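Notes follow the structure.
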Amino acid sequence: QDLTPVTFGTNWVAQAEHGGFYQSVADGTYAACGLDVSILPGGPQVNNQAMMLAGRIDFYMGGHLDAYFAVQEGLPIVNVMASFQKDPQVLMTHPGKVSSFDQMTDLTMIVQDAVAYYEWMKAAYGFNDAQRQPYTFNSAPFLVNKDSAQQGYLSSEPYAIEKETGWAPDVWLIADAGYSGYSTTIQTKLDVVEQQPEVVKCFVEGSILGWYNYIYGDNSAANDLILADNPDMTQDKIDFAIKAMLEHGIVDSGDTLELGIGAMTEERSKQFYDTMVEAGVLPEGVDYAKAYDLTFINKGLGMDLRPE
Amino acid sequence: MCEGRGTGPLFDADEERRARRKRIEEVAKYIVPLAILALAIWYWDRLVVWNDIEPYILPRPGLVLSTLIKDWGTLSQSLLITLQITGMALAVAVIGGVGLAVLFSLSRFAEMSFSPFAVILQVTPIVSIAPLIFIYIESRMIGLLLCAWIVAFFPILANTTLGLKSADHNLQDLMTIYKANRWQRLRYLQLPSALPYFLGGLKIAGGLALIGAVVAEYVAGTGGIGTGLAFRILEAGYRLQIPRMFAALILIAVTGVVIYATTSLISHLALRKWHESALKRE
Amino acid sequence: MCEGRGTGPLFDADEERRARRKRIEEVAKYIVPLAILALAIWYWDRLVVWNDIEPYILPRPGLVLSTLIKDWGTLSQSLLITLQITGMALAVAVIGGVGLAVLFSLSRFAEMSFSPFAVILQVTPIVSIAPLIFIYIESRMIGLLLCAWIVAFFPILANTTLGLKSADHNLQDLMTIYKANRWQRLRYLQLPSALPYFLGGLKIAGGLALIGAVVAEYVAGTGGIGTGLAFRILEAGYRLQIPRMFAALILIAVTGVVIYATTSLISHLALRKWHESALKRE
Amino acid sequence: MTAPLSERAPILHMREVDKTFGGQVAALRRMSLTVREGDFISLLGPSGCGKSTALRLIAGLMPPTLGKIEWVGGQGAGDLGVVFQEPTLMPWATVAQNVWLPFRLRGQSFKSVKDKVFEALALVGLEKFHDSYPRELSGGMKMRVSIARALVTRPRLILMDEPFAALDEITRQKLNDDLLALRAKTGATVIFVTHSVFESVFLSDRILVMAARPGRVIKEITVDEPYPRGLEWRIAPQYGEIAREASDALHGTLHAGQPEMAE
Amino acid sequence: MTAPLSERAPILHMREVDKTFGGQVAALRRMSLTVREGDFISLLGPSGCGKSTALRLIAGLMPPTLGKIEWVGGQGAGDLGVVFQEPTLMPWATVAQNVWLPFRLRGQSFKSVKDKVFEALALVGLEKFHDSYPRELSGGMKMRVSIARALVTRPRLILMDEPFAALDEITRQKLNDDLLALRAKTGATVIFVTHSVFESVFLSDRILVMAARPGRVIKEITVDEPYPRGLEWRIAPQYGEIAREASDALHGTLHAGQPEMAE
Ligand SMILES: Nc1ncnc2c1ncn2[C@@H]1O[C@H](COP(=O)(O)OP(=O)(O)OP(=O)(O)O)[C@@H](O)[C@H]1O
Ligand SMILES: Nc1ncnc2c1ncn2[C@@H]1O[C@H](COP(=O)(O)OP(=O)(O)OP(=O)(O)O)[C@@H](O)[C@H]1O
Ligand SMILES: [Mg+2]
Ligand SMILES: [Mg+2]
């Protein structure tokens, strides 16, 4: 049987957050429905989204907001599945420094340039530009300044800081603070959905099953692939990430309990859009519904794989 | 005299042809580059059309231009901030580069001892050490300038050092004979001799200062002064506003060309009286 | 002759003193820089100790060294890859820079028309255009080289252009008289005249090629060829393995200094017979 | 031997040539001159009178401001050898390589012309220094290398700008003789700039005496002595006479007043 | 006026000085010389015999390979004026600024010495060109600027390396006279390199005749004619005699053989 080759570009170097996809590559779930999936890791500055737009790769690991931006700009991009119900973006503070998200407004915020969630934080919590200092993926300024908070990725920076300094920073998920976007979506171009729905279907369903197997089943084969793609990954770190994903309900919580992993809903999409409009990130009147296609998800696929 | 004399200046076809060619060249000097620029833009446009490239990959020049006009308010403000940092960075690069070069020329030991550090500064990825800088330097402005300086100073240092060493040996001897002290020698002989080299370095550093300003903003932020073009480019990238990103890039490119033209002009004016590279030959 | 003659060479205290000083200087030339380097490292160490700086902020030099040794396997492989890209980038920078400079010197129109593009290449933030490059260039290696080239070629272009223009006017006239064609003029007069300038540009470009290799890896990854030092630094940074990051930075710094020393040596060897900057004076 | 003056074919006409630098300094005014094949023409005049300028105009190194310079049969005809007022050596090349240059520009390898190069160096007494760089030579030695380079191709037209000024009397006389001998062999045309009256009378068959500011030709003297010329010419009464004539003309120019800028 | 030779105080002893370049070229061998205050010493010799080298050694521009150069009372005593064999002007400075240089290095403003600068320029006939750049001058004019610069401070010790070689006979004689006049006024000591026998006899009270390869002094001639010297000295029988003596010595050196490298 001839397999259709497709390439999936991720948003970062191989890590546990990409585990579901590696899982299905490893155990042949994709191959079973006719796809030969190769995963193209991203990295700092590697722009796999542009590669997808240019038609060089088929799927991209996108986000919720960038699909809205795409619609606003008239780009033919659509999300067909959301691996993460919660954005794993966090803010970290020194232990005991603050007791809630809104107390961070007095701190120096070490946050990357031009990220949208900071706009949202400004609108929703009253942060401002003057207190922000750019994050250049080095935690030293945060570590020496007790009056600062730094962005991070749930499983990366907190892990690194705890491992190297011996103390664990307090971690504040922006998702828990009200930033309701999905994350780690499967993004593709409209024409792919229109012309090759069976490919999209296979890839989405394979990925859904992959995620169930990865977080609840035997994930060693997938982890081997991750370790091979990223020689600097360690088992330790993968374990930490999986634990964190489970603990915070990143992959499987809320809607997925009824609709299955990968779920997206109209309401939440609208609610997120409204939040972004309020924050001034997006203008009114964007046809945000164009940014997602629910055809391939919300069918409860794989829910039987979840342990009781 | 051996030959008969005419009654006035002689003109003929040959002469006229030469004069005409000169006039044409005078005009072509400006027309040709503009034509090529136009051609390049036209080709860019055709490239997009022929290959059906979507505007979110590579927008057509017209679209970029209209975006530039539309977003001029935001972009011009950011440009101003980037220009400000660039100007200051270039100034410190000149001061730092020439200062170090002078120090090196005053003492071979200084050169042997400190040029490795200059090289280390040049090659160290600024992104990696910027956080360190900002831990220990309170003032954002100073840190910003430091970053931009690190990017831009080296060509000035290297070229000026070379220039200071290239002073004519006979003139060196003259200075020795007139018992010029170290500073006089520097002031009256070595600095003028180094001028063409320094100005060559300045041409390189002008562009690097702009890069430095962009990089510095990227690694250090602009703090209170507002957002520069680096921020705009990143933002437009995140928001998939590719035409806007290109508009910002074009602003940077134009700024670079203007800086280059300015430094070239300065160089020409400073050297046209005496240096081979700028002399107009008869 | 007017004065009596001694029977042999005269030596005295003055002469001896001079000779001794020369010997001391000969040794000091190497000792002083090493001492200053040692001092700098010692000061770094003390700085960490006195201020109680944690190793994940700024590790002590000893720790960096032991990390370097411990991780030598990984780091040396990455170094090799970075060196490979650097070498190739420098090679293309030299070829491209000199090639363009020659083109510019052959035609004023070419210079007027294309130097703006060279400037644009120099100042455009590579991070922003790298994705474009990689969409249309299949081979990762070529893309990588292109990125590194963009970073490194400009100083060579600018300096060589200046050098080609700085050829002695009398020698130019000589070439005219002997009816040298354009290429002969270039080969026998302009290129040798440009050599000191070119070598000055090379010293600058050597470091920039290294930066270019690092930046190219940042923006493009090394794809199939393995991971270079840039990746190691980033990775170590993310994971807060700061001693390892510093070990990689040190490798880059040392590489930079070695490249600089090499280009300086080449420059010295090529010029010592005739150019003022490298002549040993009696 | 060269033909008598009147029978020689013209190769170059300079007609009413003016040269003004930067619209200010009148380096040359209304200079007219016909150079005939086999001529040995000396330009004699005080410092700054436009001798070098005239030579550079003839060499085609710059266009005249007014007037015309016409080559009969094209400028390309025949070889050209030139000695500038400054040695003009390539500092990166050895003495032998510098002398090789004119051959090299015709595509001839060093090996194929090595003998000629060394012969020319022997002429100026510098074979031993063939491997030296110009900076290792004394002032006079540099000038001699430049002379060797100009003569090495045995050119048909030789332009020389005060070639022997930096040399001692003895070397100078030897080179005077050698130059005449070479010319006798090749029938070369020579235009020779000098500030030495005696040298010009000894060497040339036409002397143009020039005056400064504005640079102009004030007298043309024909020297009717046949070649070869040797010691006996130096002590001939006519020699002294012509020298006096030239010298008087020169003195006249100097007393004519201080240097002036062009109107 | 200067004191008779024997009564002058020595200011410089050169003792058995050797200069070898790169271990190969013996530019100077066993040169000994005592310079006394008020001396006018000429170094006369063929091209490449070490005249410039000797001058540069005296100026302290390079150390001797062997032997010693001792200044009585320290080298710093008194001003120094120097004319190199090449004009050595600063290309970025105008003529007036170039001549100003020696004053400038003593911290004197242009305004305060403007008169002296223009006086020196007048001496060499270049006031009109005070605002020109060196590249706009002819070869001889550049050299004259260099001479003006050397003399502008009315130095007590003047070193001149073939200063008048690029000049015409008339300018040259005028400058000869001017140099002697200046020396009469200031009592300056002059060391003068030339390849002209007549110039050396006219100007100096001691002539060192040198020979080449190895460069060495082969004869010292004392010229006992008192200063001021004028036209009558040029036609004095003794003048011709000394000139012949020097000329013979020179010729001897040339016939002594081809240039040779050091052993
Ligand atoms: N490039 C130039 N720019 C301006 N003026 C010039 C230039 N070249 C020569 N001149 C002027 O033209 C005049 C004639 O110069 P030229 O070099 O022909 O003199 P010359 O007769 O060769 O004198 P010398 O014997 O001193 O070499 C001089 O007054 C000089 O100042
Ligand atoms: N820097 C140097 N390196 C090597 N050799 C040199 C150097 N300078 C001079 N010489 C050699 O020393 C010898 C004497 O040179 P010097 O310049 O003193 O001659 P000179 O008497 O001034 O001759 P001229 O009348 O031609 O100027 C020459 O053979 C020359 O080749
Ligand atoms: Mg001249
Ligand atoms: Mg000399």
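In what follows, every chain begins at residue 1, and chains take the letters A, B, ... in the order their sequences are listed. Remember, predicted model here, so these are calculated numbers, not experimental data. The figures here come from the full heavy-atom set of this structure, side chains too, leaving out hydrogens, waters and symmetry mates.
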(request) With a 4.5 angstrom heavy-atom cut-off, could you sort out which part of Asp168(C) is near chain B: side chain, backbone, both or neither? (result) both
(message) Looking only at heavy atoms and a cut-off of under 4.5 Å, which of Ser115(C), Gly256(C), Ser166(C) has the most pairs with chain B?
(response) Ser166(C)
(message) Which atoms of Val32(C) are under 4.5 Å from chain B, going by heavy atoms: the side chain, the backbone, both sets, or neither?
(response) both
(message) Using heavy-atom distances under 4.5 Å, tell me whether Ala167(C) contacts chain B through its side chain, its backbone, both, or neither.
(response) backbone
(message) For a 4.5 angstrom cut-off between non-hydrogen side-chain atoms, does Phe117(C) reach Leu37(B)?
(response) yes
(message) Using the salt bridge (charged side-chain N to carboxylate O under 4.0 Å, His left out) criterion, which residues pair with Arg239(B)? Sequence neighbours excluded.
(response) none
(message) Could you check whether any side-chain heavy atom of Leu208(C) comes within less than 4.5 Å of a side-chain heavy atom of Gln122(B), counting everything from C-beta outward?
(response) yes
(message) Can you tell me how far apart CG (Leu39(C)) and OG (Ser113(B)) are? Round to the nearest 0.5 Å.
(response) 10.5 Å
(message) Given heavy-atom pairs under 4.5 angstrom as the criterion, report whether the side chain, backbone, both or neither of Ala110(B) touches chain C.
(response) neither
(request) Could you tell me which portion of Val257(B) (side chain, backbone, both or neither) has an atom closer than 4.5 angstrom to a non-hydrogen atom of chain C? (result) both
(message) Can you tell me which portion of Ile250(C) sits under 4.5 Å from chain B's heavy atoms? Options are side chain, backbone, both or neither.
(response) neither
(request) Side chain from CB out, backbone as N, CA, C, O: work out which of these in Val123(B) comes under 4.5 Å of a heavy atom of chain C, or both, or neither. (result) both
(message) Report which part of Ile53(B) has an atom under 4.5 Å of a heavy atom belonging to chain C: side chain, backbone, both, or neither.
(response) side chain
(request) Hey, could you give me the CD/CG distance between Glu276(C) and Asn170(B), rounded to the nearest 0.5 Å? (result) 8.0 Å
(request) Identify which of Leu34(B), Asn159(B), Leu210(B), Ile233(B) forms the greatest number of heavy-atom pairs closer than 4.5 Å to chain C. (result) Asn159(B)
(request) Side chain from CB out, backbone as N, CA, C, O: work out which of these in Leu157(C) comes under 4.5 Å of a heavy atom of chain B, or both, or neither. (result) neither
(message) Quick check: do Leu162(B) and Leu199(C) have side-chain heavy atoms less than 4.5 Å from each other?
(response) no
(message) Which atoms of Met112(B) are under 4.5 Å from chain C, going by heavy atoms: the side chain, the backbone, both sets, or neither?
(response) both
(message) Using side-chain heavy atoms (C-beta onward) and a distance below 4.5 Å, is Thr124(C) in contact with Ile252(B)?
(response) no
(request) Heavy atoms only: give me the nearest Pro125(B)-Val214(C) pair and the separation to one decimal. (result) CG-CG1, 4.1 Å
(request) Could you check which of Tyr30(B), Phe154(B), Phe114(B) has the highest count of heavy-atom pairs closer than 4.5 Å to chain C? (result) Phe154(B)
(request) Can you measure from CZ (Phe109(C)) to CD1 (Ile31(B)) and round to the nearest 0.5 angstrom? (result) 10.5 Å
(request) Report the residues that fulfil ring pair (Phe, Tyr, Trp, His ring centres under 6.0 Å) with Phe246(B), sequence neighbours left out, ordered by chain and then residue number. (result) none
